[in-house]
Protein chains: 4
Amino acid sequence: MPRPSNKAIRRQEIIRGLMSVMATTGYENASIQAIAKAAGLAPGLIHYHFKNKKEILIELVNLVIRTMEERFLARCKDASSPAQKIDAFVEAALALGDDADEELVAAWVMIASEAMRHEDIQKLYENVIKQNTLLLASLLQEYTQGSKSEMKKIAVMCIASIEGLYQLSQTTKDILPSGFAADTLKNLVFSSLTP
Amino acid sequence: MPRPSNKAIRRQEIIRGLMSVMATTGYENASIQAIAKAAGLAPGLIHYHFKNKKEILIELVNLVIRTMEERFLARCKDASSPAQKIDAFVEAALALGDDADEELVAAWVMIASEAMRHEDIQKLYENVIKQNTLLLASLLQEYTQGSKSEMKKIAVMCIASIEGLYQLSQTTKDILPSGFAADTLKNLVFSSLTP
Amino acid sequence: MPRPSNKAIRRQEIIRGLMSVMATTGYENASIQAIAKAAGLAPGLIHYHFKNKKEILIELVNLVIRTMEERFLARCKDASSPAQKIDAFVEAALALGDDADEELVAAWVMIASEAMRHEDIQKLYENVIKQNTLLLASLLQEYTQGSKSEMKKIAVMCIASIEGLYQLSQTTKDILPSGFAADTLKNLVFSSLTP
Amino acid sequence: MPRPSNKAIRRQEIIRGLMSVMATTGYENASIQAIAKAAGLAPGLIHYHFKNKKEILIELVNLVIRTMEERFLARCKDASSPAQKIDAFVEAALALGDDADEELVAAWVMIASEAMRHEDIQKLYENVIKQNTLLLASLLQEYTQGSKSEMKKIAVMCIASIEGLYQLSQTTKDILPSGFAADTLKNLVFSSLTP
DNA sequence: TATGAATGAGTATTCATTCAT
DNA sequence: CATGAATGAATACTCATTCAT
């Protein structure tokens, strides 16, 4: 009887290893050795489970994306009106708290910058941005019967703010009034819609 | 009789070499060889003019910052009212056009991500963000006699939007409605102020 | 199933590689390539086993020091009187014979000169010199009930002679009457003690 | 009227530049740039006055040797008896005082270690050692009518002590009782002669 | 003579990837 | 599956030497 496969588990460990290393050093400086150490595994094992370093990155991107989606869905459960859903969207993106979130955001910012260098990462990143934009735009439209193109613009700007806030949270922490982000962004958005 | 010094010129060439390489590959992947090639110089010459790679990066950051400031000041010349100045601020940041701007923004996004890895870059980056935030906040306050802390929040959000838009412009170009950024951001800001 | 560790063996090989290269070229000129070649290993492997070149040097210094101590202890086994111990000390230091000794001395002379450039090597070197001096001084005192400070002076001079002879043996071989060193030094020391 | 040649002066400056750099860093680490800086000259000028780095070293060796000889001759002026001359020899070698001496000794120790690596330096070094040995041996013989070969042995040992003391003075300063060297060595030598 | 820019080869070090066990 | 040793290419940086001015 062969021992049960643990590929899936090992792959998760490795992906999380990359996430934690990347959060502080970026992708280029995340050596296989360091990833292995962070994952508590032997270096040689990495390439048994992944073809190469890039593949781990891609899986990490997918993991982060999935996690973010889940955050939104969880908050959406109790939302019925469009306004509540918009609220849920922004809260899911910006009302971050624990250490896991912290690392997730750090990794995400690193991923965003890797999107500039790797076409495949760029595609994944673009997809999320595109989807989120469309989602938010349709929520906005539902909420206020404004023009579609106008709602799209506001949605893009909103997404940009979120990405920019992630960035600033990693580089200029002490400039951000603590916990201000979600509320301020919602204010901005809603006030631009009501007239 | 002695050969005339050309240090300043060479240093500029090298800095621009780094900028152009970084714009597409990031800092870690900007090899000295590549920088030299982009600058049209022999590799060995780089370290004759700069102590190390980091020093080139720092000078590049300073150059980009200076250039951005000049853009704002140029647009501010004709602005008298606070509203016009806010307008100038946003336009200077977002109404970008030619290839030089393109490269500048690309380099800036890369710099922002380097700020996460190098403390000295982080300091420079933080300083600009801080200064811009304060500047914008005081303009907003001048314009609407709202509370200082409220204006600060809006200013931060605005700066975040700008940084986020830079990011998106590099990673998800075709999602941005062309030329929409400045106007949409101004709308958002002003509509949040008037009530 | 895992490959058995051979770190200790490889490290020894590398250290001996450095010793043999240093013996002829000195530390600065002992390139990693040359060390690897002397050890029969791939260059990249050196840095798998050692953090950097300096670390190899430090281990080499420790090895040489240990070897020298063992030489003395081996000769001391049969020594009971102080005079015999002094004899053993000088013999251990100077009655050198085979090729291994030759290389050891060559490496030691190189190490001594590196002590001028690297603080950590200087400390190791100083420690041995200091310990040997104290050891010899106490032997001398045991032998002749002379003043402590006087014995210390003779001990230092004796150690200096030994180091100087090492030096000359590497640089001006054909000036040294073969095999004269130990006897002559003992004569000098004992004749200065008897009055 | 052509400007008067200053080759000799420049060469001296460069040689002293090397001496001062070597005293602290050794020959391999004495870069042409550093030598030029120490000499207060432009880097390019070095190779105008010297074919290559080695040539400067050779001239430095000659300079140091000459300086040492002069020290001995100066002290010999008032010496008439063999004992006084032996005294002068040892004093000239070991009764060092000012900063210039300090640098000279440091450079000399570095030179001695370079003798292991460069055949031409080895020759120069060997010559001095040989000559000094013969000189001292003949003085010893004049003083005590002992056998020539015996006197040679003592002379070699004496020279070795001196070289060893130079070495220790650079590497383990605080172990040497201050100012003890000359007297102790003279005691050792004379007591070994009188039986 | 003098200056300092330029070149190119050389060096330590890192690291993704492979492979023997 | 797992381990950790091994490889070789890539990279930042140094430096003697040359050369244009």
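FYI, side chains are in, hydrogens and waters are out, and symmetry mates aren't considered; it's all heavy atoms of this structure. Per chain, numbering begins at 1; letters A, B, ... match sequence-line order.
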Visitor: Below 4.5 Å, heavy atoms only, C-beta onward: do I111(A) and M22(A) meet side chain to side chain?
Guide: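 Side-chain contact under 4.5 Å: yes.
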
Visitor: Got a list of side-chain donor-acceptor pairs under 3.5 Å for residues 37-51 of chain C, not counting sequence neighbours?
Guide:
none

Visitor: With sequence neighbours excluded, what pairs up with S5(B) under the side-chain contact (heavy atoms from CB on, under 4.5 Å) test?
Guide: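 Scan of S5(B) (side-chain contact (heavy atoms from CB on, under 4.5 Å), adjacent residues dropped) gives K7(B).
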
Visitor: Where along residues 9-26 of chain B does a heavy atom fall under 4.0 Å from DNA chain E?
Guide: R10(B)

Visitor: My understanding is that only residues two or more places apart in sequence, or in another chain, count here; which of them pass side chain to side chain donor-acceptor pair (under 3.5 Å) with N6(B)?
Guide: none

Visitor: Using a 3.5 Å limit on both distances, find every run of at least three consecutive Watson-Crick or G-U pairs that involves DNA chain F.
Guide: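 E:2-21 with F:2-21 - these are the stems of 3 or more pairs that involve DNA chain F.
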
Visitor: For dT3(F) and S5(C) - does any side-chain N or O of the residue sit under 4.0 Å from the phosphate oxygens OP1/OP2?
Guide: no

Visitor: Which pairs with one or both residues in residues 17-29 of chain C pass salt bridge (charged side-chain N to carboxylate O under 4.0 Å, His left out), sequence neighbours excluded?
Guide: none

Visitor: Quick one: list whatever passes side-chain contact (heavy atoms from CB on, under 4.5 Å) with T24(C), sequence neighbours left out.
Guide: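 In terms of side-chain contact (heavy atoms from CB on, under 4.5 Å), with neighbours along the sequence ignored, T24(C) is linked to no residue.
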
Visitor: Can you run down the side-chain hydrogen bond (donor to acceptor under 3.5 Å, both in side chains) pairs that involve residues 108-117 of chain C, sequence neighbours left out, and say none if there aren't any?
Guide: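 Listed by first then second residue: W108(C)-E163(C), S113(C)-R117(C), E114(C)-R117(C), E114(C)-H118(C).
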
Visitor: Roughly how many Å is it from CG in L57(B) to C1' in dA12(F), rounded to a whole number?
Guide: 15 Å

Visitor: Just to verify, what does E55(C) make a salt bridge (charged side-chain N to carboxylate O under 4.0 Å, His left out) with, not counting sequence neighbours?
Guide: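 E55(C) satisfies salt bridge (charged side-chain N to carboxylate O under 4.0 Å, His left out) with R11(C) once adjacent residues are dropped.
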
Visitor: Can you sort out the partners of A115(C) under side-chain contact (heavy atoms from CB on, under 4.5 Å), two or more places apart, ordered by chain and number?
Guide: I121(C), Q122(C), Y125(C), T171(D)

Visitor: Expressed as a whole number of angstroms, how long is the span from L41(D):CG to dT3(E):P?
Guide: 7 Å

Visitor: Could you measure the distance from the OG1 atom of T25(D) to the CE atom of M116(C)? Nearest 0.5 Å is fine.
Guide: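 Atom-to-atom, T25(D):OG1 and M116(C):CE are 10.0 Å apart.
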
Visitor: What is the distance, rounded to the nearest whole Å, between atom CD1 of I46(B) and atom P of dC15(F)?
Guide: 18 Å

Visitor: With side-chain hydrogen bond (donor to acceptor under 3.5 Å, both in side chains) as the rule and sequence neighbours excluded, what pairs involving residues 13-23 of chain C come up?
Guide: R10(C)-E13(C)

Visitor: Within the structure, does a side-chain N or O atom of N6(B) lie under 4.0 Å from either OP1 or OP2 of dT21(F)?
Guide: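 The answer is no; no side-chain N or O of N6(B) sits under 4.0 Å from OP1 or OP2.
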
Visitor: I need a per-nucleotide contact map over nucleotides 10-18 of chain E, read 5' to 3'. Cutoff is protein heavy atoms under 4.0 Å; write B for the base, S for backbone only, - otherwise.
Guide: --SBB-SBB

